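Bear in mind the structure is a predicted one, so any value in this text is a computation, not a measurement. The chains referred to below are lettered A, B, ... by the order of the sequence lines, with proteins before strands, and numbering in each begins at 1. Because only heavy atoms are used, hydrogens play no part in the values below, and waters and symmetry mates are left out as well, while side chains stay in.
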Protein chains: 2
Amino acid sequence: MTAYIDYAIGLLKDKGFRITKPRRLVVELLDASREALSAYEIKDLLEANGEKVDTVSVYRILQCLEENRLVHRVLTSGKVKKCMLEHEEQCSLAQEEHCHHLLICKACDAIEEVHCPGTRVLVDALEAQSRFKIQSHNMEFIGLCAQCV
Amino acid sequence: MTAYIDYAIGLLKDKGFRITKPRRLVVELLDASREALSAYEIKDLLEANGEKVDTVSVYRILQCLEENRLVHRVLTSGKVKKCMLEHEEQCSLAQEEHCHHLLICKACDAIEEVHCPGTRVLVDALEAQSRFKIQSHNMEFIGLCAQCV
DNA sequence: TTCACTGCAAACCTTTTGCAATTCT
DNA sequence: AGAATTGCAAAAGGTTTGCAGTGAA
């Protein structure tokens, strides 16, 4: 078991959620995937592995994972990527909201979570310029990953 | 006619698009709205004004406006907000892609387009840290606007 | 044993497609 | 007049809901 699986299953168990077979399968699949996945893709990938999980259940499992901040929702595609809260905690902003800092590779669809060192500066500049009080943010950076450059 | 309407209609005309009644109605509605609107909301608002435009036509009109960078697509909601290209041009990055810098008010849903002075610094830091080559980005900042603070 | 969770059927909402009728230029 | 655009009908996709049955604790 990798760190993510332990982390996700442990967190769900601690919060009183039941560790069912479909939940475990979805968590394992998300852990193994470099890319973000849609509910249908998850259902199909599991089926290809001989594991049948209803699409509706996948939707509900993803909702549960999202509410527990165990996945990111990629805004540009609506798909879901595993997420380690450790990375989130380093974010100096947006304690309440689930904030996204994702690097998305155009070529291979790989997604990397990142901690944004310059975010504070940017947000301060924006607040000064706009008179908005910023509480959270979503950022997606599209480009080429190290392997695809 | 406001600057946006002139700008949008002029740009479409220049590119050889026809200035039809439905197109003009949608552009006028977007100009008047502080908030982002969905296709159905646009259809319903027009209908409330006694103007009937088919939902399918609204979809096609929005697609046309988006392709000509006359609207932003809000990623967190899928809705559409008028957009003045002047602001885009100031963005030092993402010449090819349509890049988004939106401030979204949680309380009143108002949306403000912004030029991000700190973007270059942030992107440079991310590239150094990740070995990603960043080509474009989407940023949405959620908070409270000056009126709602 | 009990209650959370799953699976199935069906509804719902959004978006897309094809084609004939309309209307800008 | 001619081509682009609209409106209508229908299909396609994605997501949600209700409920009975299953299975984790």
Quick one: list whatever passes salt bridge (charged side-chain N to carboxylate O under 4.0 Å, His left out) with A:Asp44, sequence neighbours left out.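 Applying salt bridge (charged side-chain N to carboxylate O under 4.0 Å, His left out) to A:Asp44 gives none.
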Counterpart residues, side chain to side chain contact (heavy atoms under 4.5 Å, CB included), relative to B:Arg34 (two or more places apart):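 Here the qualifying residues are B:Cys108, B:Ala110, B:Cys145, B:Gln147.
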List for me each residue that meets side chain to side chain contact (heavy atoms under 4.5 Å, CB included) alongside B:Ala146, sequence neighbours excluded, and say none if there are none.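 Result, side chain to side chain contact (heavy atoms under 4.5 Å, CB included) vs B:Ala146: A:Arg131.
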Opening and closing nucleotides of DNA chain D in contact with chain A, under 4.0 Å to non-hydrogen atoms: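 The footprint of chain A covers D:dG14 to D:dA25.
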With sequence neighbours left out, write down each residue that passes side chain to side chain contact (heavy atoms under 4.5 Å, CB included) with A:Ala8, or none if nothing qualifies.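 Per chain and number, A:Ala8 pairs via side chain to side chain contact (heavy atoms under 4.5 Å, CB included) with A:Tyr4, A:Val27, A:Leu70.
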Strand-adjacent residues in residues 36-44 of chain A, judged by heavy atoms under 4.0 Å from DNA chain C: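 Within this stretch, nothing sits under 4.0 Å of the strand.
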Apply salt bridge (charged side-chain N to carboxylate O under 4.0 Å, His left out) to A:Lys133 and list each qualifying residue two or more places apart in sequence or on a separate chain.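 Per chain and number, A:Lys133 pairs via salt bridge (charged side-chain N to carboxylate O under 4.0 Å, His left out) with A:Glu127.
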Side chain to side chain contact (heavy atoms under 4.5 Å, CB included) involving B:Lys43 - partner list, sequence neighbours excluded: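 Residues passing side chain to side chain contact (heavy atoms under 4.5 Å, CB included) with B:Lys43: B:Glu47, B:Thr55, B:Val58.
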Partners passing salt bridge (charged side-chain N to carboxylate O under 4.0 Å, His left out) against A:Glu35 (at least two apart in sequence or in another chain):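 Testing A:Glu35 for salt bridge (charged side-chain N to carboxylate O under 4.0 Å, His left out), a comparison that skips the adjacent residues, returns none.
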Got a list of side-chain donor-acceptor pairs under 3.5 Å for residues 14-22 of chain B, not counting sequence neighbours?
unit_1: B:Lys15; atom_1: NZ; unit_2: B:Asn68; atom_2: OD1; d: 3.0
unit_1: B:Thr20; atom_1: OG1; unit_2: B:Arg23; atom_2: N; d: 3.3
unit_1: B:Lys21; atom_1: NZ; unit_2: B:Glu51; atom_2: OE1; d: 3.4

For B:Val56, what are the other residues in its hydrophobic cluster, where any two members join if their side-chain heavy atoms are less than 4.5 angstrom apart?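 The other cluster members (ILVMFWY side chains, heavy atoms under 4.5 Å, direct or chained): none.
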Closest heavy-atom pair and its distance - B:Leu62, B:Val71: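 Closest approach of B:Leu62 to B:Val71: O-CG2, 4.3 Å.
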Between B:Arg24 (CZ) and C:dC24 (P), how many Å, whole number?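 Atom CZ in B:Arg24 sits about 10 Å away from atom P in C:dC24.
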Where protein sits on nucleotides 4-10 of chain C, one letter per nucleotide: B base, S sugar-phosphate only, - none, heavy atoms under 4.0 Å: BSBBBB-
